[in-house]
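Everything below concerns the one structure shown next.
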Amino acid sequence: MRKHPVPIEPTAADLAAIEVEWPLIAAELDLLDAEITLLYAEDHGGPSPLDWRRVRRAEARFTRTATATVRPPWSADGCVPHSLAVVGWTGCGYGCEIVRCPDCGGEQVLHRAEDGCRASVAHAEVAA
């Protein structure tokens with residue numbers, strides 16, 4: 001009999017990171033949807049001016065969202081930086097950390113722009 005692995009539930013920090021990054025994810029999905037519509041239109045008489053407008057608006061929304069400064073509900077700004085403990089990694093592949101303040105127990109994801117993490121664009125103010 002083969003045992004199924006126990007599913008690993010996301011931590012509170014994982015869920016908070018997803019919530020913080022959700023506007024960027026939604027903007028990327030809107031842009032992808034607009035681009036798919038263009039591809040579909042190519043096979044059906046070509047894209048209309050409205051299709052092109054939708055792509056331009058989705059690109060603009062993505063750009064605005066990616067460059068906006070996003071702050072999570074809890075920020076390490078009020079905590080002593082040298083006391084923050086690394087409690088995990090985000091798994092994004094860029095060495096981004098999940099840190100916890102030993103005093104208040106708050107957790108925060110710190111993305112690493114210097115290592116090329118795209119999520120760091122949305123977290124520029126937090127990491128600074």
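We use all heavy atoms of the structure for the numbers below, so side chains are in, but hydrogens, waters and symmetry mates are not. Along the sequence shown, the residues carry numbers beginning at 1.
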Membership question, hydrophobic clusters at under 4.5 Å side-chain separation (ILVMFWY): are Leu15 and Trp22 in the same one? no
Of all heavy-atom pairs linking Thr37 and Asp51, the shortest is CG2-OD1, 3.7 Å
Which atoms form the tightest heavy-atom contact between Ala27 and Phe62, and what is the distance? CB-CA, 3.8 Å
Run Asp33 and Arg54 through side chain to side chain contact (heavy atoms under 4.5 Å, CB included) and show every step you take. CA-CA 10 Å; Asp33 189 43; Arg54 185 174 177 219; 2.3 Å; yes
Euclidean distance, [Y] [atom2] relative to [X] [atom1], rounded to 0.5 Å:
X     : Y     : atom1 : atom2 : result
Arg57 : Leu50 : CZ    : CG    : 9.5 Å
Arg64 : Glu59 : CZ    : CD    : 12.0 Å
Ile36 : Leu29 : CD1   : CG    : 9.5 Å

Looking at Trp89, I want to see if its CH2 is surrounded by more than 12 non-hydrogen atoms of other residues, nucleotides or ligands under 6.0 Å. yes
Validation row: Leu38, Val55 side chains within 4.5 angstrom (heavy atoms): yes
Are any of the side-chain heavy atoms of Glu97 and Val87 separated by less than 4.5 Å? no
Residue set satisfying side-chain contact (heavy atoms from CB on, under 4.5 Å) with Pro49, at least two apart, ordered chain then number -> none
